[in-house]
Structures are given as structure tokens and as C-alpha cells.
There are 2 protein chains.
Amino acid sequence: MTDLTGKKIAILLTDGYEDFELARPWEMLRAAGGSPQLIAPKHGPVHGKDGHSQTVDAQAKDVDASEYAALVLPGGVVSADHLRTDRHAVELVLGFVETDRPIAVIGHGAWILIEADGVDGRTMTSYPSLRTDLTNAGATWLDEEVVVDRGLISSRTPADLTAFTAALLREFAAVPQQA
Amino acid sequence: MTDLTGKKIAILLTDGYEDFELARPWEMLRAAGGSPQLIAPKHGPVHGKDGHSQTVDAQAKDVDASEYAALVLPGGVVSADHLRTDRHAVELVLGFVETDRPIAVIGHGAWILIEADGVDGRTMTSYPSLRTDLTNAGATWLDEEVVVDRGLISSRTPADLTAFTAALLREFAAVPQQA
């Protein structure tokens, strides 16, 4: 049984996210004893593309990667496209990249990793439309339901969520608890 | 007065396009005597993100760049993201790139140019979220309302439409009429 007791996990997104790419990891992290926190550029509620809604726990400008054991980046083309243009969101992701904290990314979520220099030399997957952008940024792209490369867990679409959440729970459990 | 009489212009998009990035160029091309044609991966009506709708004139798989004098690529994040994954749409754009036909692109429309090898060595602009992807694909990116580089006309957002349509009419008028 995967145990994430005491581990804070940041989930970063904004309006237009892929509903189940937030809801499923959130539920699995909680079930494993972890403490997911919903982070967005704005406060208040965020709205998924298909009707899911949830209250933001903290704004990106107010938190730092050092507070968290790991990061989850859900997709949704509108959310992911917006997020990469937000300076505070990019700086938060950069904090995870620079300190080698595990990052789980699905769908279109990987765009912000391009901004945060988090894909060069890594092997990963994504929603297929990002393939060329990720390759041009230095990644090796695979068409698999989940790819794990040194703490970078990636999947393609909501159809991969079972494999994605299993892999991220395993990887997040393996890292030491943050201070 | 710009005269586009007898010139067929392809406008390529799919559902989720930025309404005015189709409607304004369409109107201006018609006013100049040109014959815009709406091309999409599918047939039937396409729907903009804010309620605009229009019937597709031809499917991407059924047309070839040689039939047209020029190409317009509207934006809209959902349309542009989908379009770059459609093989027939990419092949159509590749036809314009390889035959040096003028291309006018706005907003998120430039993603498909990355797939069609149409930005390497070119100077251009786009919606700001594409900046890193375009730069990684070999473009020089400028933050200007319109950039014209050897038949590639580019703008950032609907707020640039006046400058964008003026530039594309001028550039499209300058090319010889297709056979």
C-alpha cells in the first residue's frame, strides 16, 4: 500500500483544465494519505472544461516548491496554454525542476515545462499535439500510456489516468518527506 | 484600392476558432474582390469559440495549395491545437510553404506552421504563449501588431486585426494570380 502520509503535493492549473486530470489524482493522493493542494494564478474557484469546479488553496505567487514533495500538472488545452504565460506559475514549476522534485504531467500540461526548462534531455509523453514542441525543446517523445524518467511521470490523455495515477503514487512515495 | 479579383484564398481552421479572426479577414477579402474559401478537416458547419458559425466550403483532404493564391490561418487555441494533429491539414499547409505562397497567421494559428516546417529562419509574431515553441522551431519572435517577412504575415490577437488585414491584403495583392 502506497503511503503518502505527511506529504504535501501541489497541483497547478487554471480555468479550462481537463476535469478528471484534476479529480482522479486528487482522489488518489488523498486515499494514499497525502495532502494535495490546489494552486492557480488566481484565487477563488477554478472551472474545468466539462463542469468540474474546485476552490483554489493558494495562489502561485504565494507558494514555493520547497513547501511540497511533488507537483502534478493536469492538462486541458485552455488551462495549459494560459498557465505557461503566467510568470508566477512558471517560477513555481522552475522551483520543482531545479530541486529535482518529482513532477507528474498529463495531456497538454507539459507546455509549462517547456517554459521552465524541464524537458531538455528527458524521455516523456504528452497529448500528441505537443509532440513537436517537446521534441524541439530537447525531449525524447514516446507514444505510451505512461513514461517515467528520473522523477518525471507523463501520460497522454484521461484514458491513461489509471496507469498515470499508479505511477505517480509510486514515484511520490519514494521521495523523502519535505522539511 | 487593393484588388484581389479572381484570387482564391484558403482559410483553414476547425471548431473553437477565434470568431473575428475568421470573420474580419473573410469580409475584407470579399470587399477587395477576392474569393475566400473556408477549409476544415471536416465538412458541415464549424463553430467559433464565441458563437460564430459558418459552413465549410471544402475539406482539407480534397484541396491542394496549387488551387489558391494564399492562405489565412486564424487562431483560437482549441482550433489551432486540433488542426496541427490533422495530417491532411498539415499537408495542405506544407503545400503553401513549399511553393512560397503567402501565408497570413494570427493568434494561436502558427502552431500548424511548426508542423509544416514553415517558421525556421522566419521573423514573426503570434499569441504570446507560442513564443517559446516558435523560437525553438527556429523563428525570430517579435512583439509587434503585425510582422511581414517574405510573404509571411503574422499578428498576435484580435486586437491586431486592423493592421493584420491591411498587411495581408497588400501582400496577397502583390502575388501573381494562380493558374
Side-chain angles (χ1 to χ4, degrees), chain A residues 13-18 41 47-50 73 75-91 93-94 97 106-122 124-141 143 156-157, chain B residues 13-18 41 47-50 73 75-91 93-94 97 106-122 124-141 143 156-157:
Chain A
L13 50 65
T14 192
D15 289 330
Y17 59 87
E18 188 74 55
H47 301 277
K49 69 195 257 291
D50 297 314
L73 293 168
V77 60
V78 171
S79 169
D81 182 66
H82 181 122
L83 217 55
R84 72 188 300 192
T85 68
D86 185 89
R87 183 170 61 87
H88 299 296
V90 173
E91 281 170 6
V93 174
L94 193 59
V97 170
I106 183 165
H108 292 84
W111 270 327
I112 197 168
L113 287 177
I114 297 176
E115 305 302 334
D117 247 333
V119 308
D120 191 17
R122 310 304 289 270
M124 63 187 300
T125 191
S126 69
Y127 192 76
S129 63
L130 277 70
R131 178 185 184 146
T132 307
D133 298 337
L134 290 168
T135 304
N136 284 345
T140 299
W141 194 93
D143 188 14
R156 300 164 303 188
T157 75
Chain B
L13 50 65
T14 192
D15 290 328
Y17 59 88
E18 188 75 55
H47 301 277
K49 66 195 258 293
D50 297 313
L73 293 168
V77 59
V78 171
S79 170
D81 181 66
H82 181 121
L83 218 54
R84 72 187 301 192
T85 68
D86 185 88
R87 182 169 62 87
H88 299 295
V90 172
E91 280 170 7
V93 174
L94 193 61
V97 170
I106 183 165
H108 291 83
W111 270 327
I112 197 169
L113 287 176
I114 296 177
E115 305 302 335
D117 248 332
V119 307
D120 192 16
R122 310 304 290 268
M124 62 187 300
T125 191
S126 70
Y127 192 76
S129 63
L130 277 68
R131 177 184 186 149
T132 306
D133 298 337
L134 290 168
T135 304
N136 285 345
T140 299
W141 195 93
D143 188 14
R156 300 165 304 189
T157 74

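Per chain, numbering begins at 1; letters A, B, ... match sequence-line order. Not measured: the values here are computed from a predicted model.
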Could you pull out all residues at least two apart from A:Asp143 that satisfy side-chain hydrogen bond (donor to acceptor under 3.5 Å, both in side chains)?
A:Arg156
Those residues of residues 80-91 of chain B that come under 4.5 Å of chain A on a heavy-atom basis, listed by number, are B:Asp81, B:Arg84, B:Thr85
Most heavy-atom pairs under 4.5 Å with chain B, out of A:Ile114, A:Asn136, A:Asp133, belong to A:Asp133
